[in-house]
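Reminder, nothing fancy here: chain letters follow the sequence lines and each chain counts from 1.
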Amino acid sequence: MKMENYEAFVGFDLCKVPLSSAAQKIMSAVHSGDSVESKNWRESEKTAEVVNNSRIKYSVLLENGKNQSLEKRNLSSSTSQTSGSSINLCPPSSSIRLPDQPSADQNQKNVSSLAPPSCFIPQCNQEAAVLQKTESKRTHFLKENKNNEKKEMPVNLKRKHGTCHFSGKTNKHVALEENADEVEAHLNCGNARACENHFCDVRYLDDLEKSQLVEMLQQAVAVVVTLMYEDGSTQLRAEQALFPSVKGIAMLLQSRVDGSGPLDVSASDSVLGEGATLRDQYIYLQTEHSFTGGQEQEAYNQFARKVLFQMLKCKCPVVCFNAKDFVRTVLQFFGKDGSWKHVVHFVGLDPRIAAWLIDPGDAAPSFEDLVAKYLESSISVKVNCTYGNSSRNVVNQNVRVNLKMLHRLTMGLCSQLKVYGLWQLFCTLELPLIPVLAVMESHRFQVNREEMERTSALLGSRLKELEQEAHFVAGEQFLITSNNQLREILFGKLKLHLLSPRETLPRTGLQRLPSTSESVLSAVQDLHPLPKIILEYRRVHKIKSAFVDGLLACMRKGSISSTWNQTGTVTGRLSARHPNIQGISKHPIQITKPQNVKGTEGTMLTISPRSMFVAPEGHTFLAADFSQIELRILAHLSGDPELLKLFRESERNDVFSTLTSQWKDITPERVTHADREQTKKVVYSAVYGAGKERLAACLGVTVQEAAQFLESFLQKYKKIKDFVQTTIAQCHQTGYVASITGRRRPLPRVRAQDRQLRAQAERQAVNFVVQGSAADLCKMAMIHVFTAVAASPTLTARLVAQIHDELLFEVEDSQIPEFAALVRGTMESLRNVRALELQLQVPLKVSLSAGHSWGHLVPLQEAPRPSDQPTSC
DNA sequence: GCGGTGCCACTTTGG
DNA sequence: TCCAAAGTGGCA
């Protein structure tokens, strides 16, 4: 789906908008789910109060029962329209209470901050029973899963053809069903009716059936997919292996049948009205390459690629739990034959992302968690079935049931997104990001392994040296990492606790033994050489394990690739794991050189973890940083004239340097990097509500001086204070805060009795609005640059990492100038984003740097801009 | 004595 | 009583 189509269908605030055909099909798919399934969604008795937010219009409209039925009729008929029509985007529930607008009785109950949105709870007084049911269900899953793991997997199943046409009336499927286990093992049967009860394995389709399948994909109203793993489990299983082996893709195709087509219609199909019905068909597509190879395999691969291409450009959305993994699997299947550019417009409706937007504090819920939270409690999910202890027949039946449930869950969550005013954000930002992240994960960072191993060995030598020193000064050998042994030496043998000027040293919790923590060691470090040695040992050990060995452990075939988590933060930021590339030390670290190291230049050794990352031959890293992104957003949101002036007038200057020179009363040229970093810390701390004590510690001045600085800063930028107060007041009023794109963070603790909790929630509220908005812009930048490169016939630059405000690309040397101009232009023009009705009062500034290693990037000369007026996105 | 686990404090990053 | 992460070691 194309970006412009998105923009068309996300302009839904007025409830009725003209839609492009592709966008409309997405909406039709969503609503065909609504019309069939809406009754299964929990509805509460009370109606939302209208807050000062146009997006709540839905709930107001929905109070009218007539509207609701009209809407349903509209929805059914809209599915057959093609373009320029109007769709009422009201959600299915007739009366919805928003979680941030609790009813009076709920307020009295002081609902826990972790409670799910109340609109999903059928009756509040049944909540305990529901939770209990869920808990017992979970225990059941765990038991079931444990049993499954013990059983062995079946081996080598023979291939068996079951040829029957989609349109044919053969009864072969009946015969096949009798031998259910084998049928399901091969998943083979092309008959339309059979496909409603079984999976059709694409491998066994004849040419006619193949073309029918492609046609079905083109006509599909909904496509629901899940990856199938080697053991028969799917993405819907709660516990996922770190590197699960994908075997294939199971999908549910829902197509409209109007009675006149070639496909058979049965009474069991869902009736949509006007003679049209929905038909479910289950398809299985193997992606794992079999051992046979040869021409047959090649022919199959070719067709499988065709099916996957068709899915990528599907006119309806593809529903998938963890859609990023699906996209990555597709990219992997394409291998060298496919460019990453093929997935750029893929739209995968991911219920996990939808649920996260609604409740960002709910960390990584599994499919069953979501079903328990958002669907009826009576539904039982069998997600943990594997081939282990269940017949394939049962496993595949569960997969079919779960695909249906996944569809229902997703449709319901989509409706909820609209209720909360999050639909636009979901469609313009979070969904387009899925292929971006999948492509990032498919690319591997080259790491200088030799250098890493050398550094590891160096650090290892230093650790050995420190250990020997420790043994020497202690007068005996002991295990340096054992705190018990260390405690015995420090306090048993050396009796440092008796020599310490501190009256009492901290003790361990339960056993009340003298602690060997860092604070204790620091307190006694002048009494004996041992504590200092231990402190350095621990420091070096930490660097070795975190930045060298930790990274080496993540390496496969000389390179690393982080896993990007789209739903791991409360502010909307991305996070990275294995390794956490966002936390890799930027500044070189100095340690004392081990004595056995040759070369005499200096006694210190510099370790620069980022320098281990190198661009491949003929390529260069290019980093694009948003300059002072949060401060610019703060200027925009507060409208502070002084801050706005600072950004508008000194567009080419560094604002933190300017502030530093003002604060320290020195010329901007004399501001050092450390000064600037300090100012940055102080400014953000002040804005986000740091106390004068913390600021004093940060600045290295007295508490009084810090208080004075705080006052003068907030006095100069008066409107910052107003912004902070307004944000907190709004949070108190509604129970949540929102970023510039409408991303929400519920903060129920803002109404807590405890003053500390309340104050913390208030600081979080202020921080979220700014940090969340910056995160929105950075994600937007990723999408826009990604799309721009994909649209270019020549550019090949790849996004390899995002470090919050910095995008790191790997660019062909020859393309640096062209790409640099494109990146700068694209990122800076995000000042205006039409799709999100965003227009910042301040310009955005992007600084570029490039180099052959990530640790050695040098600023790129600023290319002349095409025009001073940035184009809008 | 060894290894697994959960909590906490502390490091790095980013603003 | 700045905010947000991931990762590590200490401790029980």
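Here the nucleotide nearest the side chain of N767(A), chosen from dG10(C), dG7(C), dA4(C), is dA4(C). Comparing dT8(C), dT12(B), dA6(C) by their closest approach to the side chain of S585(A) singles out dT12(B). With dG15(B), dC3(C), dT13(B) as the candidates, the nucleotide lying closest to the side chain of R763(A) is dC3(C). Taking every side-chain heavy atom of A546(A) into account, dT8(C) is the closest of dT12(B), dT8(C), dC3(C). Closest contact between the side chain of T571(A) and the listed nucleotides dC2(C), dT1(C), dA4(C) involves dA4(C). The side chain of K680(A) sits closest to dG15(B) out of dA4(C), dG15(B), dG9(C). Residue N580(A) places its side chain closer to dA6(C) than to any other of dA4(C), dA6(C), dG14(B). Taking only side-chain atoms of H578(A), from C-beta outward, the nucleotide of dA4(C), dG7(C), dG15(B) with the closest atom is dG7(C). When each of dA5(C), dA6(C), dT1(C) is scored by its nearest atom to the side-chain atoms of V570(A), the top-ranked nucleotide is dA5(C).
When the P atom is compared between dT1(C) and dA9(B), the two are found 11 Å apart, to the nearest whole Å.
Residue contacts for R758(A): at a heavy-atom cut-off of 4.0 Å it reaches no nucleic acid atom on any strand shown. Heavy atoms of A686(A) sit nowhere under 4.0 angstrom from any nucleic acid atom. The residue L574(A) sits apart from the nucleic acid: no heavy atom pair falls under 4.0 Å. Residue contacts shown for Q764(A) are limited to sugar-phosphate atoms, with no base heavy atom under 4.0 Å away. Among the atoms of the strands shown, base atoms are found under 4.0 Å from some heavy atom of Q771(A).
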> Going through the checks in order, is the side-chain hydrogen bond (donor to acceptor under 3.5 Å, both in side chains) test met by E705(A) and T702(A)?
Replying inline: CA-CA 5 Å; E705(A) 286 172 305; T702(A) 66; 3.2 Å; yes
> After noting the C-alpha distance and the side-chain angles of R743(A) and E430(A), does the key distance pass the salt bridge (Lys or Arg N to Asp or Glu O under 4.0 Å) rule?
Replying inline: CA-CA 11 Å; R743(A) 185 190 303 282; E430(A) 298 300 343; 2.7 Å; yes
> Stepwise, does the salt bridge (Lys or Arg N to Asp or Glu O under 4.0 Å) test hold for K542(A) with E536(A)?
Replying inline: CA-CA 10 Å; K542(A) 191 141 195 169; E536(A) 190 181 350; over 6 Å; no
> Can you check side-chain hydrogen bond (donor to acceptor under 3.5 Å, both in side chains) on S559(A) and Q446(A), steps first, answer last?
Replying inline: CA-CA 4 Å; S559(A) 58; Q446(A) 266 194 27; over 6 Å; no
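A close approach under 4.0 Å does occur between a side-chain nitrogen or oxygen of S545(A) and OP1 or OP2 of dG9(C). Note on T569(A): every side-chain N or O is 4.0 Å or more away from OP1 and OP2 of dA5(C). Between R538(A) and dT8(C) there is no side-chain N or O to OP1 or OP2 distance below 4.0 Å. Residue R694(A) places at least one side-chain N or O closer than 4.0 Å to OP1 or OP2 of dC2(C). Contact annotation: H541(A) side-chain N/O to dG9(C) OP1/OP2 distance is under 4.0 Å. Between R539(A) and the phosphate of dT11(B), there is no side-chain N or O to OP1/OP2 separation shorter than 4.0 Å. In terms of phosphate contacts, T481(A) brings no side-chain nitrogen or oxygen within less than 4.0 Å of OP1 or OP2 of dG9(C).
With rounding to whole Å, F647(A) atom CZ is found 13 Å from dG15(B) atom P. Following rounding to the nearest Å, D549(A) (CG) and dA6(C) (C1') show an atom-to-atom distance of 17 Å. In this structure, L634(A) atom CG and dG14(B) atom C1' are separated by 17 Å, rounded to whole Å. In this structure, F768(A) places its CZ atom 11 Å from P of dA5(C), rounding to the nearest Å. Rounded to a whole Å, the CH2 atom of W564(A) is 11 Å from the C1' atom of dT13(B). Q485(A) has its CD atom 11 Å from the C1' atom of dG1(B), to the nearest Å. We find that CD of E488(A) is positioned 12 Å from P of dG1(B), with the value rounded to whole Å. Rounded to an integer number of Å, the gap from L479(A) CG to dC2(B) C1' is 12 Å.
Of the residues in residues 695-711 of chain A, none lies under 4.0 Å from DNA chain C by heavy-atom distance.
Checked by distance alone, R755(A) brings a side-chain donor or acceptor within 3.5 Å of a matching partner on the base of dT1(C). Side-chain atoms of K542(A) and base atoms of dT11(B) include no donor and acceptor less than 3.5 Å apart. With hydrogens and angles ignored, a donor-acceptor pair closer than 3.5 Å exists between the side chain of R573(A) and the base of dG14(B).
The shortest side-chain heavy-atom distance between L807(A) and D625(A) does not fall under the 4.5 Å cut-off.
Under a 4.0 Å N-O distance rule, the pair E467(A)/R538(A) does not qualify as a salt bridge. Remark: E453(A) engages R449(A) in a salt bridge, criterion side-chain N to carboxylate O under 4.0 Å.
Side-chain N/O atoms of D675(A) and T660(A) include no donor and acceptor closer than 3.5 Å.
Checked against a 6.0 Å centroid threshold, the rings of F656(A) and Y684(A) count as neighbours. The aromatic ring centroids of F445(A) and F621(A) lie less than 6.0 Å from each other.
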